[in-house]
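Some notes on the structure that comes next.
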Amino acid sequence: MIDESRVKGGALSWGGVAAEVALAEVRGLRAGDAPTHGGRLFAYVYDPAVPGLDDLAAAAHRESAHVNGLDPTAFPSLLAMENALVGAAGRVLGGGPGTAAPDVVGSVTSGGTESLILAVKTARDAHPEITAPRIVVPASGHAAFAKAAHYLRVALDVVQVSPDTLRPDPAAMAAAIRPETVLVACSAPSYAHGVVDPVAEIAAAAADAGVRCHVDACFGGWTLPYLRRLGAPVPPFDFAVPGVTSISVDLHKYAYAPKGVSVLLHRDAALRAPQYFAYADWPGYTMINSVIASTRSGGPIAAAYATLRHLGDDGYLRLTAVTRDAVAGLADAVRAVDGLRLMAEPESTVVCFTASEGGPDLFVLVDELTARGWHTQPQMSYAGLPASVHLTVTAAVAPRVAEFGPDLADAVAAARAAGPVQLPAELAALVGALTPEALTPELVVGLAAGLGLGDGTGDGDGSGAGPLPRRMALVNTLLDAATPALRERLLVEFVGLLQRPAWGSDG
Ligand SMILES: Cc1ncc(COP(=O)(O)O)c(C=O)c1O
């Protein structure tokens, strides 16, 4: 028998239990999660719905879970698999023998954020003479660039995107380059809206200024080349573009590998050189790391290797075709509903929509979709861009597309009937007046309670399955009304309330 109370809180007792009990506890905890499979979760997960693939990846992971990437000479299997993954990514992204970029090299990292941090670190460390380095990033660039800038003490110059195209103007990107700029970044495509930046123009401007240019293809780098082969008008964005010095692509996204694997590519080894960290000035082993972590499990890398080997080029082409059709079907469903409009015509694997004039409250709509088993991702309004709903579409969505249209229409009707969320006057006044610095622990606890946010041990307002209330519209409306700085601070505090040790018992 599983002790439900322990499973729910996730607290470990110190006495050991049988293996099947431990596993049952994991399964019990997992039962409250969003569904990772089945094509109804439009963020966080990438599901190709290929029978047997999960088992293959799990078996490969098990083979290499205890292998350590710390020293590539001790575990040549890992070195070989990493080199194979880098080679595959290089081929997909226009590098390798017989191309314009034959000398591409790279590293396997733990994810997109690590790849971007390393791209910024490498660019920064290539110029030790620049004491106050800066990077130029479009506003639509992934938040991980801001994280990299923050961690590495590099200044972030953000170029706004056009509200019509959702892309930065290359001239504005060029104008933002200063003598201290070490890197210019762009996305192929952006996560929020799924549009491909004008990479060729931006890379040319960077090259003219003698600055590196990183293309963040973490999200779509594994689908855009296949979409192009299927006939889509994908603009140039890879190593075929002169001036592109590095590209990142996440294998745990559209290469459908389990989490924990991304690849950072450089056009040549000289560009990669400042990425390495080496330290011999201590009594232990000389540490040579190409990535941020030192000890690294071989599990995710082996799982990615097996996934790529199994699916192969033809598999990815087929899965991309399936995904492309699903995207088209979902976009049609959005077009068919009065009161919604697409933020952009889909050009990758994202469908992003907003409310048109007189349309439903988007945050209420998101809740109505959740109630119908569709888990979408609300995006807040930002710098003249309206709030929107993001759908990351993967191959698993395809069999669901026909069900989505009627449910979307139904959810919109329900959201219209419910009307927009009204922030209680005192909350609206508070958010309007509050600065991040003025936020006290008491205010945070009061706000969390008022919004029905739980403490991580219970059910939020009692209606949801986890620490969040079942309906998030009030929370999202409040966050949307807050400035980005206040939103960041509020969420840090809320998440901090959730992340507390579960002490367990001695029993
Ligand atoms: C374009 C882009 N870059 C970077 C990242 C960060 O990747 P990760 O979550 O693997 O760190 C993402 C994640 O969605 C992304 O879409």
Side-chain angles (χ1 to χ4, degrees), residues 34 36 41-47 85 89 92-93 106-121 135 137-152 156 158 161 166-168 183-197 199 202 213-225 227 234 237-238 244 246-265 291-293 296 300-301 303-304 307 323 327 343-344 346-352 375-379 382 388 390-394 495:
T36 53
L41 174 56
F42 292 105
Y44 313 115
V45 298
Y46 297 80
D47 179 12
L85 295 179
V92 167
L93 293 167
S107 310
V108 176
T109 74
S110 64
T113 300
E114 187 180 355
S115 289
L116 296 188
I117 292 174
L118 282 172
V120 174
K121 176 217 139 33
I135 58 173
V137 182
S140 54
H142 195 274
F145 283 116
K147 183 172 177 177
H150 179 74
Y151 276 24
L152 298 167
L156 184 67
V158 175
V161 298
L166 305 170
R167 286 174 244 267
L183 185 73
V184 174
C186 50
S187 315
S190 64
Y191 175 80
H193 307 118
V195 301
V196 181
D197 285 343
V199 174
I202 293 171
C213 175
H214 181 79
V215 177
D216 177 7
C218 284
F219 180 76
W222 214 268
T223 48
L224 290 177
L227 284 170
V234 174
F237 74 96
D238 61 17
V244 169
S246 56
I247 307 182
S248 49
V249 58
D250 292 354
L251 303 187
H252 63 203
K253 294 193 169 81
Y254 283 99
Y256 293 121
K259 307 257 180 283
V261 189
S262 168
V263 175
L264 172 61
L265 300 168
V291 297
I292 295 177
R296 291 188 295 149
I301 292 164
T307 302
T323 309
V327 166
M343 285 290 289
E347 53 187 87
S348 59
T349 52
V350 170
V351 175
C352 182
H375 306 273
T376 60
Q377 193 170 48
Q379 300 183 138
Y382 167 80
S388 58
H390 169 107
L391 310 182
T392 287
V393 184
T394 59
V495 171

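It should be emphasised that the depicted structure is a prediction, and the values quoted were computed from it without experimental measurement. Atoms within each ligand, like the ligands themselves, are counted from 1 in listed order.
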task: Carefully, step by step, assess H142 and F219 under the rule ring pair (Phe, Tyr, Trp, His ring centres under 6.0 Å).
output: CA-CA 10 Å; H142 195 274; F219 180 76; 9.4 Å; no
Pairs under 3.5 Å, nitrogen or oxygen of ligand 1 with protein nitrogen or oxygen:
from     : atom 1 : to   : atom 2 : distance (Å)
ligand 1 : 3 (N)  : D216 : OD1    : 3.3
ligand 1 : 3 (N)  : D216 : OD2    : 2.7
ligand 1 : 7 (O)  : D250 : OD2    : 3.4
ligand 1 : 7 (O)  : K253 : NZ     : 2.9
ligand 1 : 10 (O) : G112 : N      : 2.9
ligand 1 : 10 (O) : D250 : OD2    : 3.4
ligand 1 : 10 (O) : H252 : NE2    : 2.8
ligand 1 : 10 (O) : K253 : NZ     : 3.2
ligand 1 : 11 (O) : G112 : N      : 3.4
ligand 1 : 11 (O) : T113 : N      : 2.7
ligand 1 : 11 (O) : T113 : OG1    : 2.6

Contact check, side chains of L118 and T109, non-hydrogen atoms, under 4.5 Å: yes
message: Going by side-chain hydrogen bond (donor to acceptor under 3.5 Å, both in side chains), name the residues that satisfy it together with K121, two or more places apart in sequence or in a different chain.
response: D125
query: Hey, which of V92, D216, V199, D238 is the one that makes side-chain contact (heavy atoms from CB on, under 4.5 Å) with I247?
result: D238
message: Going by the rule salt bridge (charged side-chain N to carboxylate O under 4.0 Å, His left out), which residues pair with E347 if we only count those two or more places apart in sequence or in a different chain?
response: R167
Solution key, residues 253-263 side-chain donor-acceptor pairs under 3.5 Å, sequence neighbours excluded:
from : atom 1 : to   : atom 2 : distance (Å)
K253 : NZ     : D250 : OD2    : 2.4
Y254 : OH     : T349 : OG1    : 3.0
Y254 : OH     : V393 : O      : 2.6
Y256 : OH     : A395 : N      : 3.2
K259 : NZ     : Y44  : O      : 3.1
S262 : OG     : S115 : OG     : 2.7
S262 : OG     : V249 : O      : 3.3
S262 : OG     : D250 : OD1    : 2.7

